[in-house]
Amino acid sequence: TMVRFCLIKLFCHTFTLFVLAWIIGCAGSSPKDDRDFESQFKKAKTLLEKKKYIRAQEEFHLLVLKASHTDIGDDALFYLGESYFLNKEYPLAISQYDRLIRKFEFSTYVEQARWRICESYVSESPDYYHDQKNTNKALEKIQEFLDDYPSTEYRDEAQNTILGLRAKLGMKMYEVGVLYIKLRAFDSALIAFDNMLDNYYDTPYAELAHIGIIRCHSEMLEVEKAQEYLELKKDILNVELQTEAERYIAKAHKRIEKAR
């Protein structure tokens with residue numbers, strides 16, 4: 001019985017020491033883990049700098065899963081977005097930047113992430129003859145960004161980008177008018193050019209839309225309307241375009257004379 005008691009006591013003592021060692025070991029593992037996270041973060045950034053984007057994505061993704069509670073949580077999430085952005089995987093980049101903005105609203109990366117989202121939508125904006133949903137989304141995001149960060153270092157770039165996107169949308173609407181002219185649907189062309197001027201009067205295609213309107217009136221032999229419109233717009237049309245407009249009107253006059 002005494003031997004049995006001693007064995008039980010030894011077992012309890014050993015078990016207690018094991019539990020204490022495990023607790024101490026766990027308590028001491030956090031700093032080591034943090035150091036591991038820092039090391040993994042540096043490794044991932046090096047991969048990113050070497051343009052090894054897929055491998056960088058894998059490393060940053062693991063950090064986002066394991067280290068979001070640490071000081072590098074927002075760093076890992078931002079650079080995960082960067083690894084997608086630099087690899088031109090823009091929808092995936094947008095989703096990571098959005099996660100950062102929602103999860104770490106006071107992070108120093110928020111402004112940069114917001115701008116990256118704008119850049120992503122701009123990069124996803126297709127040529128003018130395709131659907132322009134992403135172009136409109138890019139304009140919306142850039143305007144929101146400028147409203148929230150009026151003194152941002154990206155201000156000039158943002159404003160220039162807006163001009164470029166509006167020019168693309170203006171071109172698309174102008175080309176709709178041109179297509180109607182080719183189809184000899186001049187009333188529809190006039191509506192398209194008017195809509196274009198209502199929405200994109202500040203784009204390089206505004207002058208061409210004015211000429212399109214003069215051409216439509218001329219093709220419909222509405223020479224008085226064409227001439228009046230030209231007189232109204234002479235100050236904003238360059239000499240070359242004025243000459244083109246006058247040529248359309250002269251051609252209409254000849255058709256009228258020939259029909260008499």
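As a basis for the values below, the full set of heavy atoms in this structure was taken, side chains included, without hydrogen atoms, waters or symmetry mates. Note that this is a predicted model, so its numbers are computed, not measured. We number each residue from 1, following the sequence as shown.
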request  = Evaluate the side-chain contact (heavy atoms from CB on, under 4.5 Å) criterion for residues Q159 and L146: first the C-alpha distance (whole Å), next the side-chain angles of each, then the deciding distance (0.1 Å), finally the verdict.
outcome  = CA-CA 9 Å; Q159 289 175 332; L146 288 174; 4.3 Å; yes
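- Atom CZ of F193 sits about 13.5 Å away from atom CG of D198, to the nearest 0.5 Å.
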task = Output, in order, the C-alpha distance, side-chain angles, deciding distance and verdict of side-chain contact (heavy atoms from CB on, under 4.5 Å) for F85 and Y90.
result = CA-CA 5 Å; F85 180 86; Y90 301 114; 3.8 Å; yes
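- Residues D187 and M220 approach most closely at OD1-SD, 3.5 Å, considering heavy atoms.
- Contact annotation: the side chain of L139 approaches that of L169 to within less than 4.5 Å [non-hydrogen atoms, C-beta and beyond].
- Contact between Q57 and L80 at its shortest, heavy atoms only, is O-CD1, 3.7 Å.
- Crowding of E231 atom CD: a count of heavy atoms from other residues, nucleotides or ligands under 6.0 Å exceeding 12.
- Remark: A226 pairs with I214, H217, S218, I249 by the side-chain contact (heavy atoms from CB on, under 4.5 Å) rule, at least two apart or across chains.
- Remark: E82 engages R116 in a salt bridge, criterion side-chain N to carboxylate O under 4.0 Å.
- For the atom pair NZ (K42) and CG (L47), the distance works out to 14.5 Å, reported to the nearest 0.5 Å.
- Contact check for L230 versus L237: side-chain heavy atoms found under the 4.5 Å cut-off.
- The pair K137-E124 does not count as a salt bridge, with every side-chain nitrogen at least 4.0 angstrom from each carboxylate oxygen.
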request  = For the pair Y149 and Y154, evaluate side-chain contact (heavy atoms from CB on, under 4.5 Å) and give the outcome as yes or no after the intermediate values.
outcome  = CA-CA 9 Å; Y149 301 98; Y154 306 111; over 6 Å; no
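- Judged by distance alone, the side chain of E219 and the main-chain N or O of A252 form no donor-acceptor pair under 3.5 Å.
- Of the inter-residue distances, the one linking R247 atom CZ with K251 atom NZ reads 9.5 Å to the nearest 0.5 angstrom.
- At least one cation-pi condition fails for K182 and Y180: the charged atom is not both under 6.0 angstrom from the six-membered ring centre and inside a 45 degree cone around its axis.
- Follow the hydrophobic side-chain contacts under 4.5 Å out from V223 and you never reach Y229; the two are in separate clusters.
- When every heavy atom of F104 is checked against every heavy atom of V110, the shortest pair comes out as O-CG2, 3.4 Å.
- Applying the salt bridge (Lys or Arg N to Asp or Glu O under 4.0 Å) definition to pairs two or more places apart or across chains, those involving residues 145-169 are R114-D148, R166-D202.
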request  = Quick one: do E244 and Y248 satisfy side chain to side chain donor-acceptor pair (under 3.5 Å)? Show the steps, please.
outcome  = CA-CA 7 Å; E244 184 180 345; Y248 290 132; 3.0 Å; yes
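- Counting heavy atoms from C-beta on, the side chains of E119 and T161 never come closer than 4.5 Å.
- Annotation: the span from Y174 atom OH to L197 atom CG amounts to 11.0 Å, rounded to 0.5 Å.
- Side-chain contact of E240 with N238: a donor-acceptor pair under 3.5 Å is absent, judged by distance alone.
- For the atom pair L165 CG and S125 OG, the distance stands at 5.5 Å (nearest 0.5 Å).
- Tested against F78 for a ring-ring contact (aromatic ring centres under 6.0 Å, His included), the candidates Y109, F60, Y84, W115 yield a single pass: Y109.
- Of the inter-residue distances, the one linking I101 atom CD1 with E111 atom CD reads 11.0 Å to the nearest 0.5 angstrom.
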query = Hey, mind stepping through E175 and Y129 against side-chain contact (heavy atoms from CB on, under 4.5 Å) and telling me if it holds?
reply = CA-CA 9 Å; E175 290 294 338; Y129 44 81; over 6 Å; no
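- Of the charged side-chain nitrogens involved, none lies within less than 4.0 Å of a carboxylate oxygen, so that E58 and R55 do not count as a salt-bridged pair.
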